[in-house]
Amino acid sequence: MASTPGFKRPRGTQDILPEEAERWRRLEALVHRHSAAFGYGEIRTPVFEESELFIRTAGASSDIVRKEMYTFRDHGGRLLTLRPEGTAGVGRAYLENGLASAPQPVKLWYLGPMFRYDRPQAGRYRQHTQYGIEIFGASSPLADVEVILVAHDLFERLGLTDVVVHLNDIGCPRCRPAYREALVGYLVSRVDRLCADCRERLARNPLRIFDCKDEDCRGLLEEAPLSVEYLCPECRAHHERVEEGLTALGIPFVEDPRLVRGLDYYTRTVFETVHQPRDTGTDAGRAERVLCGGGRYDGLIEELGGPPTPGVGFGMGLERLLATVAEQGLEPPQAVGENRALVFVVSLGTSLAAEGFRLARALRRAGFAAVNDLLERSLRAQLKAADRAGARWALIVGEEEAARGVVTVRDLRSGRQDEVPTGDVVEVLLREV
RNA sequence: GUGGAUGUAGCUCAGUCGGUUAGAGCGCCAGGUUGUGGCCCUGGAGGUCGCGGGUUCGAAUCCCGUCAUUCACCCCA
């Protein structure tokens, strides 16, 4: 990264240049259409909230709260935090705007930047973009199924295959204590075989031990009690119906009894959608990518001071999604009506520059993309610029044309050109496009 | 927060054992063609060698620190 200028972008952030920005625009447009097609409404909430909101919902013991929040005090002394995830703010907005009294379920989607003070790595940034959906007011497993379906079908629309859902159920406040006790009981008697990290987890958040990559810990966990074995009858039935739903819809999933989530507000269903390339050939070292993570959070709204309200949703990392799409040689689909042929208006000499602007304006009003020369360059240089810009036509206005009230229309693909009366140019091009 | 690798032109990279004006390809600009793009030819612009310090007669090159990128952890999207 050469750095002639004195300023550099902050660590873990990105500049998105025009070519890449176009891919973003297409993906965002697709997300918009896709969400609407499922009947979700867009919600836009602030990028910062009271710090307490995140502490309360994510949990004081979560990594997000312990070390990843961008927190600051404003001039009024308020303690604020750049949002590290989307659900808390949406839940807050749901309550604050009386959506609890709207017809249920309330289905919302959002897209925007999230901030976490992480160490940057492949597919991980301090500012990243998340697309997420939330369903409030639906306790049925059908809602869980739809949430997973929305993600699955988005991947399908992008042409991504090799995507599989990892599914688990971590129970509810009624059955989790018993499970937690069983797990801790199992591990406490074997604490000497746990790695240092896991000993700490044991006290703070024992479920997280399932995330450990240490071989000894993993071996120990082979025999450990699993949350699905301790589900109460209601949770068990819920879990089974989610699986039935996925099966009925042909959504590939695997039971992953060791999948846990980092945030305290999850109940019952937790899932991750993972992309794992089929060819294990060359870059086998590349870790599988978690594109989407989510689950059910029936306690969230109550935690925020609202009425008991079930919720399910997911968050999806768009940087990762875009990177995965690119790796697979795919492009986000173009939106209809997006592509307008580009016309380059060549004007020769200072006296005709205004005519160049006028022609370009007329073309834009007719729906073309049109640019005109701003450097007063030679004909040769302007045509070269037109070529590089990928223009379909060059319109040439020089002394000779101006004197006769015509413009030269050059087709840059074939090299053929004709003179057309100035007033007819737009019509002629419209016929050809 | 931990460990490894890497920082030379806009981009991808050479640069020998420490040696004098730091190079190539691509890209950019101009000319060859005073009104015709792509191909070709010629020329040109563009560099605090990431930054700071140290060793040395002399540092892109060696040492230390720092920042950034990247890979693996922690964790997550």
Side-chain angles (χ1 to χ4, degrees), chain A residues 1-14 17 58 61-68 83-87 111-132 151 195-198 200-201 205 208-214 259-263 272-275 283 285-287 289-294 313-324 344 346-349 352 375 377-402 408-417:
Chain A
M1 217 65 3
S3 56
T4 317
F7 293 109
K8 292 186 286 195
R9 63 176 188 271
R11 183 166 206 203
T13 63
Q14 295 183 288
L17 273 30
S61 71
S62 67
D63 277 45
I64 285 183
V65 172
R66 286 173 50 238
K67 50 186 192 185
E68 295 177 0
R83 62 182 180 194
E85 55 93 31
T87 300
L111 187 157
M114 305 293 161
F115 305 85
R116 285 182 205 172
Y117 190 83
D118 253 0
R119 182 118 175 214
Q121 202 183 304
R124 194 167 66 196
Y125 302 91
R126 289 186 173 179
Q127 177 181 335
H128 75 282
T129 310
Q130 257 184 60
Y131 160 50
C195 69
D197 280 347
C198 284
E200 201 195 321
R201 290 191 184 105
N205 197 343
R208 305 317 307 272
I209 293 179
F210 282 111
D211 282 336
C212 192
K213 306 288 191 295
D214 183 274
L259 173 65
V260 291
R261 306 249 78 210
L263 306 177
E272 287 180 350
T273 309
V274 176
H275 176 78
D283 55 358
R286 193 147 199 96
R289 265 176 216 275
V290 177
L291 296 177
C292 174
F314 68 65
M316 189 183 293
L318 296 192
E319 283 81 3
R320 287 181 188 182
L321 180 56
L322 231 29
T324 303
F344 196 106
V346 175
S347 61
L348 299 173
L352 290 170
L375 295 177
R377 289 180 282 195
S378 67
L379 172 62
R380 172 183 155 86
Q382 289 192 52
L383 281 175
K384 189 180 256 193
D387 190 53
R388 308 251 159 115
R392 170 76 203 281
W393 292 283
L395 298 192
I396 304 169
V397 201
E399 306 265 330
E400 295 168 19
E401 286 87 353
T408 296
V409 178
R410 181 177 177 82
D411 184 319
L412 291 173
R413 292 202 283 214
S414 64
R416 266 195 290 275
Q417 62 185 44

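All values reported here derive from a predicted model rather than from experimental measurement. A note on names: the letters A, B, ... follow the listed sequences, proteins ahead of strands, and every chain is numbered from 1.
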Please list every donor-acceptor pair under 3.5 Å in which a side-chain atom of residues 378-397 of chain A meets a protein atom from a residue at least two apart or in another chain.
from     : atom 1 : to       : atom 2 : distance (Å)
A:Ser378 : OG     : A:Ala381 : N      : 3.1
A:Gln382 : OE1    : A:Ser347 : N      : 3.3
A:Gln382 : NE2    : A:Ser347 : O      : 2.9
A:Gln382 : NE2    : A:Arg377 : O      : 2.9
A:Arg392 : NH2    : A:Asp411 : OD2    : 3.4

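Proximity of a side-chain donor or acceptor of A:Arg119 to a complementary backbone N or O of A:Gly12 within less than 3.5 Å is not detected. The backbone N or O of A:Gly123 lies less than 3.5 Å from a partner atom in the side chain of A:Arg320, making a donor-acceptor pair.
Annotation: B:rG18 and B:rA24 have their C1' atoms spaced 23 Å apart (nearest Å). On the P atoms, B:rC28 is 30 Å away from B:rC71, given to the nearest whole Å. Taking atom P on both nucleotides, B:rG37 is separated from B:rG32 by 11 Å, rounded to a whole Å. Here the separation of B:rC49 from B:rU8, taken at their C1' atoms, is 4 Å to the nearest Å. The separation of B:rU70 from B:rG54, taken at their P atoms, amounts to 32 Å, rounded to a whole angstrom. For the C1' atoms, the distance linking B:rC75 with B:rG10 amounts to 36 Å, nearest Å. B:rG23 and B:rU16: their C1' atoms are spaced 14 Å apart (whole Å). Using C1' as the reference atom, B:rA22 and B:rG47 are 9 Å apart when rounded to the nearest Å.
Between the C1' atom of B:rU69 and the CD atom of A:Glu319 lies a distance of 17 Å, rounded to the nearest Å. The CD1-P distance, from A:Ile396 to B:rU36, rounds to 9 Å in whole Å. Counting to the nearest Å, the P atom of B:rA68 and the CZ atom of A:Arg124 are 15 Å from each other. If you measure from atom CZ of A:Phe115 to atom P of B:rA77, you get 16 Å, rounded to the nearest angstrom. Separating the CD1 atom of A:Ile64 from the P atom of B:rA77 is a distance of 6 Å, rounded to the nearest angstrom. Put simply, CZ on A:Arg377 is 11 Å from C1' on B:rC28, counting in whole angstrom units. B:rU33 atom C1' lies 14 Å from atom CG of A:Leu348, rounded to whole Å. Rounded to an integer number of Å, the gap from A:Lys67 NZ to B:rC75 C1' is 6 Å.
Contact annotation for A:Tyr125: base contact, defined as any heavy-atom pair under 4.0 Å involving a base atom. Residue A:Gly349 is out of contact with every strand shown, counting any heavy-atom pair closer than 4.0 Å. Using a 4.0 Å heavy-atom cutoff across all strands shown, A:Gln127 reaches no nucleic acid atom at all. Residue-level contact check: A:Glu400 touches the bases, meaning some heavy atom is under 4.0 Å from a base atom. Nucleic acid contact for A:Gly398: base, since at least one base atom lies under 4.0 Å from a heavy atom of the residue. Nucleic acid contact class of A:Gly132 (heavy atoms, under 4.0 Å, all strands): none. Contacts of A:Glu272 with the nucleic acid, taken as non-hydrogen atoms under 4.0 Å apart, are absent.
Phosphate contact (OP1/OP2 of B:rC28, side-chain N/O of A:Arg388, threshold under 4.0 Å): present. Dashed line: the shortest gap from a side-chain N or O of A:Gln121 to OP1 or OP2 of B:rA72 is under 4.0 Å.
Looking at heavy atoms from C-beta onward, A:Gln14 lies out of side-chain contact with A:His128 at the 4.5 angstrom threshold. No side-chain heavy atom of A:Leu348 sits under 4.5 Å from any side-chain heavy atom of A:Glu399.
Contact of A:Arg119 with B:rU2 (side chain to base): a donor-acceptor pair of N or O atoms is detected under 3.5 Å. Side-chain N/O atoms of A:Asp387 and base N/O atoms of B:rG38 include no donor-acceptor pair closer than 3.5 Å. Looking at A:Arg413, its side chain has no donor and acceptor atom pair within 3.5 Å of the base of B:rG38. For A:Arg289 against B:rA77, no side-chain N or O and base N or O form a donor-acceptor pair under 3.5 Å. Looking at A:Glu68, its side chain has no donor and acceptor atom pair within 3.5 Å of the base of B:rG1. With hydrogens and angles ignored, no donor-acceptor pair closer than 3.5 Å exists between the side chain of A:Gln382 and the base of B:rU36. At a cut-off of 3.5 angstrom, the base of B:rU36 holds at least one donor-acceptor pair with the side chain of A:Arg410.
Checking B:rC74, B:rG35, B:rU70 against every side-chain atom of A:Arg11, the shortest atom distance belongs to B:rU70. Distance from the side chain of A:Lys8 is smallest to B:rA68 among B:rA77, B:rU36, B:rA68.
Projected onto RNA chain B by closest heavy-atom contact, A:Thr129 and A:Thr13 fall at different nucleotides, the more 5' of which corresponds to A:Thr13. A residue-by-residue look at A:His128 and A:Tyr117 shows that A:Tyr117 has its nearest nucleotide of RNA chain B further toward the 5' end.
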Pairing string of RNA chain B (Watson-Crick or G-U wobble, both atom distances under 3.5 Å; | = paired to other strand) is (((((((..((((.....[...)))).(((((.......))))).....(((((..]....))))))))))))....
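Counted by atom type alone, A:Thr408 and A:Glu401 present one or more donor-acceptor pairs between their side chains at under 3.5 Å.
If you take CZ on A:Phe314 and CD on A:Gln130, they are separated by 10.0 Å, rounding to the nearest 0.5 Å. Atom OG1 in A:Thr273 sits 10.5 Å away from atom CG in A:Leu321 (nearest 0.5 Å). With rounding to the nearest 0.5 Å, the separation of CG in A:Leu111 from CE in A:Met316 is 10.5 Å.
Screening A:Arg124, A:Arg11, A:Lys67, A:Arg126 against A:Asp118 for a salt bridge (charged side-chain N to carboxylate O under 4.0 Å, His left out) leaves a single residue, A:Arg124.
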